[in-house]
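Notes follow the structure.
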Amino acid sequence: MTSSQATWWQSAVVYQIYPRSFCDADGNGIGDLPGIVSKLDYLQRLGVDVLWLSPMFPSPQDDAGYDISDYTDVDPVFGSLADFDRLLAEVHRRGMKLVLDLVVNHTSDEHPWFQQSRSSKDDPKRDWYFWRGPRPGMAAGAPGAEPTNWGSAFSGSAWEFDEASGEYFLHLFSRKQPDLNWENPRVRSAVYDMMRWWLDRGVDGFRMDVINMISKDPRLPDGAILSGSYGDGSPYYVCGPRIHEFLQEMYAEVFAGRNGQLLTVGEMPGVTVEQARLFTDPERHEVDMVFQFEHVQLDHGVDKFHPKAFRLTDLKASLGRWQAGLAEVGWNSLYWNNHDQPRVVSRFGDDSDRYRVRSATMLATVLHLHRGTPYVYQGEELGMTNAPFASISDFRDIESLNYYAAAMAGEGSGRPVPGDPLEDRTALPGQSGDGGPRPDEGEVLAALRRTSRDNARTPMQWTAGPQAGFSTAEPWIAVNPNHRDINAEAEIDDPDSVFSHYRKLIALRHAHPIVARGDFTMLLPADEQVYAFTRQLDAEQWLVLGNFGASEVPVPLADASDWAAAELVLGNYSEPDASGALSLRPWECRIYRRTVGSG
Ligand code: NOJ
């Protein structure tokens, strides 16, 4: 993609809805589609262009809907197909688009495809999944007899033994999420049929769950044991041998020749910049953009539950490399949050009363002014924070619960985490994953409080009232008690709120082509407190500054005094800076504009 070629999603902002936690219209404690409809005016006011719905399909909910048992219906807990059609019509009526989650690396084990597959070794659908006998020379079902040493993302082996047939099936995620065998053309064609079915119904595209894992090396070799007891299979399934072929086939079968403006974004743990350029090169017809994971793993130690100090210079190096790598060809997606990540204001900002609003707005500004398509995760636009989970009974997420169980049993599970199977290896607090002292519960809970996916999944905070206005019943996961101060009702009309700031950022993108398409140049790469970069389109140049700290800091740019005299487009302090110098107050952000020689 060169700067001169524009497509609609370059100036769009996507908003992710996690249906379970967004708004509960029928009062059963679980969010639903009619609840979403009731909040579309709010989303329209925010100004977002596209809504991405996390899965709302029928599901046993082992992994909160990412385990799908029927791809062409709606789980009754969320409503009906008629509710979906109404939601889609109401979204379209407001000039927005609706994108669905496509989860086709795996199905639920309760999907009829898998039920047939497991019914007999001779079933025509047997080969729709990965079935293998025990390791040669070992008895089926015996400890260590799994066909490979791969660990699953949610602790334990990636293989589940099936007593009835004496074989194992592969599940990179939970044992209720068997992996589909994309080598089988019938699997691919069934998936494409389903995708066309939704597009024909009017949906505007797909966010593709772990889509870079669909092509596995059919030999399924053992992986290297990095820590813990399981091997790292990711070299054999992350961006595997036929991944580009499969995505090109999907494009040809599903998207080619369709009128309308569609969006495809591939979730790709472990993807490199070079691979992303191939995936998003418009000439190659694969996907429009990818979610990469590098920047959300910079504070991970041996795994996500063992954090290490976050360094701003690492963030700049990483995001700067992605900006440069996709500057001429391809396109970035931009995100801090989603349903798998802890809340960004608690993670890279300061969620204390004093600095929450400033740091949330600074983080938003820095992200939204990068080149790429920004994604806002529900509640991020309110500055929602991590939750004060007190005991394991407060958690709901399978990854968190399984981690807790393994940790408390003193097992180093050594499994990859969905964040990035390439880099993340689980070890337990106080150990490297292969022995050592048992962790204490306090340490395990502290790790979960900081990184658990449930931080993102507490109910949307609509009001200061009971259950944050999310539901009239007790919600499936507790609301964050800070909803009394942090909620949509309090923020919508407050010009200095996080919500109002997101609104302004979205409006800036819509009004100024430089935000979507301007060239990006990172400045001050070695500065540990100031994030600084320019954008440039023709003779227009913008400077974006963010203070990642609570102390005042000068911005050591050679042309600082020129910039200090330039037009201030947006900041997060309403009082002007009296100093006249280019320095930033605690967690301050600023965007300046000037005109330069266009040479
Ligand atoms: C990535 C999704 O974002 C995550 O929530 C899920 O657990 C895994 N893929 C498995 O579908």
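Please read all numbers here as calculations on a predicted model, not as lab measurements. All residue numbers in this chain count up from 1 along the given sequence.
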Under 6.0 Å from the CD atom of Glu274, do we count more than 12 heavy atoms belonging to anything else shown? yes
Quick check against the 3.5 Å criterion: does Trp476 have a side-chain atom that pairs as donor or acceptor with the backbone of Arg20? yes
Check Phe130, Phe173, Trp113 against His106 for a ring pair (Phe, Tyr, Trp, His ring centres under 6.0 Å) and give me the one that passes. Phe173
d(Leu87 CG, Leu33 CG) to nearest 0.5 Å is 6.0 Å
Would you please classify the geometry between the His285 ring and the Tyr251 ring as parallel, tilted or perpendicular, with 30° and 60° separating the classes? parallel
Cation-pi geometry met for Lys97 and Trp8 (6.0 Å, 45°): yes
Applying ring-ring contact (aromatic ring centres under 6.0 Å, His included), can you list everything that pairs with His244, at least two apart in sequence or on another chain? Phe279
Val103 and Pro55 have their tightest heavy-atom pair at CG2-CG, 4.0 Å
Just say parallel, tilted or perpendicular for the rings of Phe389 and Phe395, cut-offs at 30° and 60°. tilted
Flag the pair Asp394 and Arg449 as a salt bridge only when some basic side-chain nitrogen lies within less than 4.0 angstrom of an acidic carboxylate oxygen. no
To the nearest 0.5 Å, what is the distance between CZ on Phe78 and CG on Asp73? 12.5 Å
Distance-minimising heavy-atom pair for Met460 and Gly379: SD-N, 3.5 Å
Test of understanding: with salt bridge (Lys or Arg N to Asp or Glu O under 4.0 Å), list the residues that count as partners of Lys176, not counting sequence neighbours. Asp109, Glu110
Pairs involving residues 49-71, ordered by first then second residue, that meet salt bridge (Lys or Arg N to Asp or Glu O under 4.0 Å) (sequence neighbours left out): Asp63-Arg453
Ala145 and Tyr168: which non-hydrogen atoms are nearest, and at how many Å? CB-OH, 3.5 Å
Using the ring centroid of each side chain, check whether Phe206 and Trp52 are separated by less than 6.0 Å. no
Point-to-point distance, once rounded to the nearest 0.5 Å, from OG of Ser117 to CG of Asp127: 8.0 Å
Scan side-chain atoms only and decide if Gln16 and Ser54 contain a donor-acceptor pair under the 3.5 Å cut-off. yes
Should the ring pair Tyr71 and Phe57 be called parallel, tilted or perpendicular, given that the plane angle runs from 0 to 90° and is split at 30 and 60? perpendicular
Shortest non-hydrogen pair, Leu81 vs Thr72, comes out as CD1-O, 4.1 Å
Closest heavy-atom pair, Arg450 versus Asn386, reported as atoms and distance to 0.1 Å, is O-ND2, 3.6 Å
Could you walk me through whether Trp9 and Gln261 pass the side-chain contact (heavy atoms from CB on, under 4.5 Å) check? CA-CA 9 Å; Trp9 35 256; Gln261 300 186 319; over 6 Å; no
Okay, side chain of Tyr377, backbone of Ala456: is any donor-acceptor separation there less than 3.5 Å? yes
Derivation and outcome, ring pair (Phe, Tyr, Trp, His ring centres under 6.0 Å), residues Phe84 and Trp198: CA-CA 11 Å; Phe84 179 83; Trp198 282 110; 5.0 Å; yes
Against the six-membered ring of Trp131, is Arg126 placed for a cation-pi contact (under 6.0 Å from the centre, within 45° of the normal)? yes
Mind listing the closest non-hydrogen atom pair of Phe305 and Leu448 along with its distance? CE2-CD2, 3.5 Å
Do Ser120 and Asp123 have side-chain atoms, one donor and one acceptor, less than 3.5 Å apart? no
Can you tell me if Ser174 and Tyr66 form a side-chain donor-acceptor pair at under 3.5 Å? no
Side-chain H-bond candidate by donor/acceptor type, Trp336 with Gln341, under 3.5 Å: no
Is there a donor in the side chain of Gln10 and an acceptor in the side chain of Arg371, or the other way round, less than 3.5 Å apart? no
Can you confirm whether the side chains of Trp331 and Asp288 place a donor and an acceptor under 3.5 Å from each other? no
Looking only at atom types and distance, does a side-chain atom of Thr280 sit under 3.5 Å from a main-chain N or O of Ala276, one as donor and one as acceptor? yes
The residue among Arg347, Arg311, Lys304, Lys308 that forms salt bridge (charged side-chain N to carboxylate O under 4.0 Å, His left out) with Asp299 is Arg347
Going by an N to O cut-off under 4.0 Å, is there a salt bridge joining Arg135 and Asp222? yes
Hey, could you give me the CG/CG distance between Leu319 and Asn332, rounded to the nearest 0.5 Å? 8.5 Å
Look at Asp281 together with Arg284 and state whether they make a salt bridge at an N to O cut-off of under 4.0 Å. no
Tell me whether Ser165 contacts the main-chain N or O of Lys121 through its side chain, where contact means a donor paired with an acceptor under 3.5 Å. no
More than 12 foreign heavy atoms under 6.0 Å from CZ of Arg242: is that the case here? yes
Less than 4.5 Å apart, any side-chain heavy atom of Val14 and any of Thr373? yes
Can you confirm if the NZ or CZ of Arg132 lies within 45° of the ring axis of Trp159 and under 6.0 Å from the centre of its six-membered ring? no
Between Glu167 and Arg118, is the closest basic N to carboxylate O distance under 4.0 Å? no
Residues Arg457, Asp340; criterion side-chain contact (heavy atoms from CB on, under 4.5 Å); working and verdict: CA-CA 8 Å; Arg457 302 177 182 185; Asp340 294 331; 3.1 Å; yes
salt_bridge(Arg343, Glu380) N-O dist < 4.0 Å: no
Side-chain H-bond candidate by donor/acceptor type, Ser108 with Ser69, under 3.5 Å: no
Kindly indicate, with the supporting measurements, whether the criterion ring pair (Phe, Tyr, Trp, His ring centres under 6.0 Å) is fulfilled by Phe291 and Tyr335. CA-CA 8 Å; Phe291 289 133; Tyr335 75 97; 5.4 Å; yes
CZ of Arg396 to OG1 of Thr458: how many Å apart, nearest 0.5 Å? 12.0 Å
Does any N or O in the side chain of Asn455 come within less than 3.5 Å of the main-chain N or O of Ala387, such that one atom is a donor and the other an acceptor? yes
Taken to the nearest 0.5 Å, the spacing of Asp454 CG from His339 NE2 works out to 11.5 Å
Which salt bridge (Lys or Arg N to Asp or Glu O under 4.0 Å) pairs, counting each pair once, include a residue from residues 142-154, with sequence neighbours left out? none
Where do Val287 and Val265 land on the side-chain contact (heavy atoms from CB on, under 4.5 Å) test, with the steps shown first? CA-CA 6 Å; Val287 290; Val265 49; over 6 Å; no
Pair listing, salt bridge (Lys or Arg N to Asp or Glu O under 4.0 Å) test, anchored in residues 194-205, at least two apart: Asp85-Arg201, Asp193-Arg196, Arg196-Glu253, Asp200-Arg258
For Phe114 and Phe169, take the angle between the two ring planes, folded into 0 to 90°, and tell me which bin it lands in: parallel under 30, tilted 30 to 60, perpendicular over 60. perpendicular
Among all residues two or more places apart in sequence or in another chain, which pass the ring-ring contact (aromatic ring centres under 6.0 Å, His included) test with Tyr192? none
Do Asp209 and Asn105 have side-chain N/O donor and acceptor atoms under 3.5 Å apart? no
